[in-house]
Amino acid sequence: MREAKLEPNVIFSYSTGISACGTGEQWQRALALLGEMRKEKLEPDVIFSYNAGISACEKCEQWQRALALMNEMREAKLEPDVIFSYTTGISACGKDEQWQRAVALLSEMRKAKLEPSSATALGSARARRAGSGNGRWRC
């Protein structure tokens, strides 16, 4: 029998590493891996690579970096998805009481004709509630 020659799926391998960094709350390493992918001229994908990076930033309360990744996705002509990108971006904003940013993301979703999931709406509500304690939220 011939020996099977297996070649790793490089993008999947990087994305798995990014995800592992997020699980270990190593957002800097996750972003470094994304940067390395771009340097190697590999195209990170929305579903796994970028979302894993956004998640790593969200877990470590790095809302600015999570939103920056969403912007990078758009610049690369990749659209953030409702289920994960927007929901995690809104959650990242909510963790640091950035309710204005969370509401802006919801508005952006609506302009793109994307329907928020229940998790997205919940994240936005938490962000608004967090901001209301400081007298910043007004209806």
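- Each ring pair (Phe, Tyr, Trp, His ring centres under 6.0 Å) pair with one or both residues in residues 44-71, not counting sequence neighbours, appears once here: Phe12-Phe48.
- Checked by atom type and distance alone, the side chain of Ser107 never pairs as donor or acceptor with a backbone atom of Val103 at under 3.5 Å.
- Here CD of Gln26 is found 14.0 Å from CD1 of Ile18. Values are rounded to the nearest 0.5 Å.
- Residues Met109 and Leu78 share a hydrophobic cluster, clusters being chains of Ile/Leu/Val/Met/Phe/Trp/Tyr side chains in contact below 4.5 Å.
- Residues Glu58 and Thr88 bring no donor and acceptor atom of their side chains to less than 3.5 Å of each other.
- Residues Ala56 and Trp27 approach most closely at O-CB, 3.7 Å, considering heavy atoms.
- Atom CG of Leu69 is separated from atom CG of Asn51 by 9.5 Å, given to the nearest 0.5 angstrom.
- With values rounded to the nearest 0.5 angstrom, Cys93 atom SG is found 12.0 Å from Glu61 atom CD.
- The structure places CG of Asn9 at 8.0 Å from OG of Ser15, a figure rounded to the nearest 0.5 Å.
- Taking all atoms of both residues into account, the shortest heavy-atom contact from Met73 to Pro80 is CE-CA, 3.4 Å.
- Between the side chains of Glu108 and Tyr86, at least one donor N or O lies within less than 3.5 Å of an accepting N or O.
- The distance from atom CG of Leu31 to atom CG of Leu33, rounded to the nearest 0.5 Å, is 9.0 Å.
- Taken from CD1 in Ile90 to CZ in Arg101, the straight-line distance is 13.5 Å, to the nearest 0.5 Å.
- Shown here are the side-chain hydrogen bond (donor to acceptor under 3.5 Å, both in side chains) partners of Gln28, two or more places apart in sequence or in another chain: there are none.
- When each of Lys59, Arg65, Met70 is checked for a side-chain contact (heavy atoms from CB on, under 4.5 Å) with Ile54, only Met70 meets the rule.
- Pairing each heavy atom of Ser49 with each of Met37, the nearest pair is OG-CE, 3.8 Å.
- The residues Arg38 and Glu43 are annotated as not salt-bridged, no charged nitrogen and carboxylate oxygen being separated by less than 4.0 angstrom.
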